Amino acid sequence: MTSAPNVTKSGICHLVVLKFENGVRDDVVARLSPALDALIPQLDGLISYRHGDDLGINNGNADYGIAAVFETEEHWRAYSVLPAHRKVIDEIIAPNVKERTAVQFAVTP
């Protein structure tokens with residue numbers, strides 16, 4: 001699991017879970033984790049950023065989770081179109097993902 005400095009604030013959480021195509025998980029995780037870490041310094045309004053591969057303790061889970069908390073919806077929207085973020089999606093996630101689920105919800109301290 002990786003995270004940016006944690007600050008106690010209210011905000012918007014963007015939660016993504018990914019299930020990868022069969023046989024690609026280890027390779028994708030090895031490339032995805034550092035690519036996501038590299039985004040952290042570029043994210044304005046970031047409260048926390050955590051991601052990691054599933055621990056494998058419950059059958060049927062997704063393979064990878066990402067939880068990003070931003071100060072405002074505008075910060076999240078800027079993240080969603082950030083060229084470096086889109087590059088991670090286009091080059092690492094999209095070609096290897098079988099299923100993607102996301103939700104945005106309000107968080108309070």
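Not measured: the values here are computed from a predicted model.
Rounding to the nearest 0.5 Å places CZ of Arg86 at 12.0 Å from CD of Glu91. Once rounded to the nearest 0.5 Å, the distance linking CD1 of Ile40 with CG of Asp37 reads 5.0 Å. In this structure, Thr72 OG1 and Ile47 CD1 are separated by 9.0 Å, a value rounded to the nearest 0.5 Å. Between atom CG of residue Asp27 and atom CD1 of residue Ile92 there is a gap of 9.5 Å, rounded to the nearest 0.5 Å. Rounding to the nearest 0.5 Å gives a distance of 9.0 Å between CG of Asp44 and CD of Glu71. Between Leu39 atom CG and His51 atom NE2 the span is 8.5 Å, to the nearest 0.5 Å.
In terms of heavy-atom proximity, Val29 sits nearest to Pro34 at O-CD, 4.2 Å. A pairwise comparison of heavy atoms in Lys19 and Val97 identifies O-CG2, 3.3 Å as the closest pair. Looking at every heavy atom in both residues, Arg25 comes nearest to Asp63 through NH2-O, 3.5 Å. Among all heavy-atom pairs drawn from Leu15 and Ala67, the shortest one is CD1-CB, 3.9 Å.
Placement of Tyr64 and Leu55 in two distinct hydrophobic clusters is found when ILVMFWY residues are connected by side-chain heavy-atom separations under 4.5 Å, directly or transitively. Neither Val103 nor Val17 shares a network with the other; the hydrophobic side chains, linked directly or stepwise wherever heavy atoms of I, L, V, M, F, W or Y lie under 4.5 Å apart, form separate groups for each.
Between the side chain of Asn96 and the main chain of Val28, no donor-acceptor pair closer than 3.5 Å is present.
When the ring-ring contact (aromatic ring centres under 6.0 Å, His included) test is applied to His75, no partner is found at least two apart in sequence or on another chain.
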| task | Decide yes or no on side chain to side chain contact (heavy atoms under 4.5 Å, CB included) for Arg77 and Ile12, but give the supporting numbers first. | result | CA-CA 10 Å; Arg77 289 190 182 282; Ile12 181 170; over 6 Å; no
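Within the 4.5 Å cutoff, the side chain of Phe70 has heavy atoms near those of the Leu46 side chain. Side-chain contact between Ile66 and His14: absent, with no pair of heavy atoms (C-beta onward) separated by less than 4.5 Å. Contact annotation: the side chain of Gln42 approaches that of Leu82 to within less than 4.5 Å [non-hydrogen atoms, C-beta and beyond].
Under the 30°/60° scheme for interplanar angles, the aromatic rings of Tyr79 and Tyr49 are found to stand perpendicular.
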